[in-house]
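For reference, the structure discussed in these notes is given below.
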Amino acid sequence: MTNRTRIRTAKVPRGTTAIRIPRQGRRRIGRRAAQPIVLVVPEQPSLGARAAAAAGGWLWDRRGSWAPTAIALAAFLAAAIVHALAWWSGLVLAPATAAPLIWLLRTNRQRPAGDPSVRRWRNGLVLLATTATAWAALALAFGPTAGPLELLWLISTIAAQTLWLRSRRTPDPTEEIR
């Protein structure tokens, strides 16, 4: 087969575009004919791909800030799966809703809080933990989308995310003294 009829394929990496410039004339350099010029140009990503990459990078950089939301999404999916497999597991989890209240009574007895802000934080965390445990028990028994459970999940997720961001922004008092 002669050189004129044989197809020459250049290896081009994925995500790039090859632009071929055909041979000009029949000049020979030395004993070999001049090869066509191949320019490899990177492919420009679409606007949607750029936006997705920017959003993904932003979420990855701030992944620690979104931990409560990720946990809430995982709990929602897990509750849906467990409800489909064993709806009676909600009855097993129901007594656990008293655990945060027991913790609060025990903590207040052993380490009483003199500062009102400490009492508010403890009460808020116990309220959120009791709500989350009660939601989990009800979601396992009736399904996470039954009745007002979706709204309760959303409100609890927003509250947990707000408390998480608030607690991470509060400066450490020992660092302010230095």
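Worth saying up front: this structure is predicted, and the values here are computed from it rather than measured. When a residue number appears, it is its place in the shown sequence, counting from 1.
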Residues in side-chain contact (heavy atoms from CB on, under 4.5 Å) contact with L91, at least two apart in sequence or another chain: W87
Taking atom CG of L104 and atom CZ of R119, what is their separation to the nearest 0.5 Å? 11.5 Å
Applying side-chain contact (heavy atoms from CB on, under 4.5 Å) to S89 and not counting sequence neighbours gives V82, L140
Where do A136 and L93 come nearest, in terms of heavy atoms and distance? CB-CD2, 3.7 Å
ILVMFWY network linking W153 to I158, side-chain heavy atoms under 4.5 angstrom: yes
Minimum heavy-atom distance between H83 and F142, given as atom pair plus value: CE1-C, 3.5 Å
Quick one: side chain to side chain donor-acceptor pair (under 3.5 Å) partners of S117, sequence neighbours excluded? D115
Test side chain to side chain donor-acceptor pair (under 3.5 Å) applied to W103 - qualifying residues, sequence neighbours left out: T107
Least distance between heavy atoms, L128 atom then S156 atom: CD1-O, 3.8 Å
Working to the nearest 0.5 angstrom, can you tell me the gap between L138 CG and L152 CG? 8.0 Å
Of all heavy-atom pairs between P100 and T130, which one has the smallest distance, and what is that distance? CB-OG1, 3.5 Å
Set of side chain to side chain donor-acceptor pair (under 3.5 Å) partners for N108, sequence neighbours left out: R122
Report, one line per pair, each donor and acceptor closer than 3.5 Å where one atom sits in a side chain of residues 143-151; sequence neighbours left out.
none

When you compare the side chain of L101 with that of L105, does any pair of heavy atoms fall below 4.5 Å? no
Donor-acceptor list for residues 49-78 side chains, cut-off 3.5 Å, not counting sequence neighbours:
residue: R50; atom: NH2; partner: Q44; partner atom: OE1; Å: 3.4
residue: R63; atom: NH1; partner: W60; partner atom: O; Å: 2.7
residue: T69; atom: OG1; partner: Q161; partner atom: OE1; Å: 2.6

